[in-house]
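Input: a single structure, listed below in structure tokens.
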Amino acid sequence: MELGDRVTLPLSKKIMPNRFFKAPMSEHLATFNFEDSSRRGKITKELITLYGAWGEGEIGMIISGNVMIHRDHLESTHNIVVEASTDDENRANLKEMAVAAKRHGSLLVAQIGHPGRQTPSDLQPHPVSSSNVPPHYSETIPHPLSAKEIQETVQRFADAAKVLRDCGWDGVELHAAHGYLLSLKFL
């Protein structure tokens, strides 16, 4: 198989026009507001333009940077946030972003995640985790998630995936590295 050959994904049957990927990396171009969390994580014209440019490169699959599933638990300021409560304006912008990225045949996949204890303490002084063990670089003690909170978090991942699908995105990748919530052991 050559790099320029089409690839049919086995489960979705979606077709990548080639075997090139844009790897996930944080863009830090979404909106952010310290005081009003409802103004965090919204799609900006800069994001739409950037994804349109990547789409013009005819990349087989464009994987987004961090898309957070909870506006109060961010990896960094200016992360994209997608939740069940995502408003109509931001859904329209997510759709516009998908159209721009996919205009030349690319597939668009969101890397969705929850930073857990990795969230900066100035953004979330009460991070969550599988235990009360802080990351090596912080003294902030995380709150171990209860069974109910784990179920709520699972639902947030499902909600984000549904919103993205409804907005024309082709799939999701679960971020389960770098000490993020899904990389931790829940026993």
Considering only heavy atoms from C-beta outward, does the side chain of [X] approach that of [Y] to under 4.5 Å?
{"X": "Val82", "Y": "Leu94", "value": "yes"}
{"X": "Arg117", "Y": "Pro134", "value": "no"}
{"X": "His78", "Y": "Thr44", "value": "no"}
{"X": "Met61", "Y": "Phe20", "value": "no"}

- Item | Pair Asp170 + Arg165, salt bridge at N-O below 4.0 Å |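 Not counted as a salt bridge, because no side-chain N and carboxylate O are separated by less than 4.0 Å.
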- Message: With a 4.0 Å cut-off on N to O distance, would you call Glu35 and Arg40 a salt bridge?
- Response: no
When you measure from the side chain of [X] to the backbone N and O of [Y], does any donor-acceptor pair fall under 3.5 Å?
{"X": "Thr119", "Y": "Leu74", "value": "yes"}
{"X": "Ser129", "Y": "Asn132", "value": "no"}
{"X": "Glu27", "Y": "Gly65", "value": "yes"}
{"X": "Ser106", "Y": "Ile59", "value": "yes"}
{"X": "Lys13", "Y": "Pro10", "value": "yes"}
{"X": "Ser26", "Y": "His28", "value": "no"}
{"X": "Arg156", "Y": "Ile69", "value": "yes"}
{"X": "Ser121", "Y": "Thr140", "value": "no"}

- Go through the steps to decide whether Asp166 and Lys162 satisfy the test salt bridge (Lys or Arg N to Asp or Glu O under 4.0 Å), and finish with yes or no. CA-CA 6 Å; Asp166 292 348; Lys162 181 181 185 315; 2.7 Å; yes
To the nearest 0.5 Å, tell me how far [X] [atom1] sits from [Y] [atom2].
{"X": "Leu145", "Y": "Ser130", "atom1": "CG", "atom2": "OG", "result": "8.0 Å"}
{"X": "Arg71", "Y": "Ile80", "atom1": "CZ", "atom2": "CD1", "result": "13.0 Å"}
{"X": "Asn66", "Y": "Gln111", "atom1": "CG", "atom2": "CD", "result": "5.0 Å"}
{"X": "Leu123", "Y": "Phe34", "atom1": "CG", "atom2": "CZ", "result": "5.0 Å"}
{"X": "Arg19", "Y": "Glu2", "atom1": "CZ", "atom2": "CD", "result": "9.0 Å"}
{"X": "Met16", "Y": "Thr8", "atom1": "CE", "atom2": "OG1", "result": "10.0 Å"}

Cluster question for you: counting only ILVMFWY and a side-chain heavy-atom cut-off of under 4.5 Å, with indirect links fine, are [X] and [Y] together?
{"X": "Met25", "Y": "Trp169", "value": "yes"}
{"X": "Val128", "Y": "Ile150", "value": "yes"}
{"X": "Leu107", "Y": "Val172", "value": "no"}
{"X": "Tyr51", "Y": "Ile48", "value": "yes"}
{"X": "Ile63", "Y": "Tyr180", "value": "no"}

- Query: Side chains of Glu149 and Ser146: is there a donor and an acceptor less than 3.5 Å apart?
  - Reply: yes
- Short side-chain donor-acceptor distance under 3.5 Å, Glu89 and Asn93: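 Glu89 and Asn93 do not have a side-chain donor-acceptor pair below 3.5 Å.
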What heavy-atom pair brings [X] and [Y] nearest, and what distance separates the two atoms?
{"X": "Gly116", "Y": "Pro127", "answer": "O-CB, 3.7 Å"}
{"X": "Pro115", "Y": "Glu75", "answer": "CG-N, 3.7 Å"}
{"X": "Glu83", "Y": "His70", "answer": "OE2-CA, 3.4 Å"}
{"X": "Ala84", "Y": "Asp159", "answer": "CB-OD2, 3.5 Å"}
{"X": "Arg91", "Y": "Thr86", "answer": "NE-O, 2.8 Å"}
{"X": "Asp72", "Y": "Gln124", "answer": "O-NE2, 2.9 Å"}

- Query: With sequence neighbours excluded, what pairs up with His178 under the ring-ring contact (aromatic ring centres under 6.0 Å, His included) test?
  - Reply: His175
- Task: Output, in order, the C-alpha distance, side-chain angles, deciding distance and verdict of side-chain contact (heavy atoms from CB on, under 4.5 Å) for Ile112 and Leu174.
- Result: CA-CA 5 Å; Ile112 60 176; Leu174 302 180; 3.7 Å; yes
- Task: Show your reasoning for whether side-chain contact (heavy atoms from CB on, under 4.5 Å) applies to Phe32 and Asn79.
- Result: CA-CA 8 Å; Phe32 181 78; Asn79 285 139; over 6 Å; no
- Query: Do His126 and His143 have ring centroids that are under 6.0 Å from one another?
  - Reply: no
- Query: So Leu181 and Thr153, side-chain contact (heavy atoms from CB on, under 4.5 Å) or not? Walk me through it.
  - Reply: CA-CA 10 Å; Leu181 195 59; Thr153 301; 3.8 Å; yes
- Mind checking what makes salt bridge (Lys or Arg N to Asp or Glu O under 4.0 Å) contact with Asp5, not counting sequence neighbours?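 Salt bridge (Lys or Arg N to Asp or Glu O under 4.0 Å) check on Asp5 returns nothing, list empty.
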- Decide side-chain contact (heavy atoms from CB on, under 4.5 Å) for Leu164 and Cys167; before the verdict, give the C-alpha distance in whole Å, the side-chain angles of both, and the deciding distance to 0.1 Å. CA-CA 5 Å; Leu164 290 159; Cys167 291; 5.7 Å; no
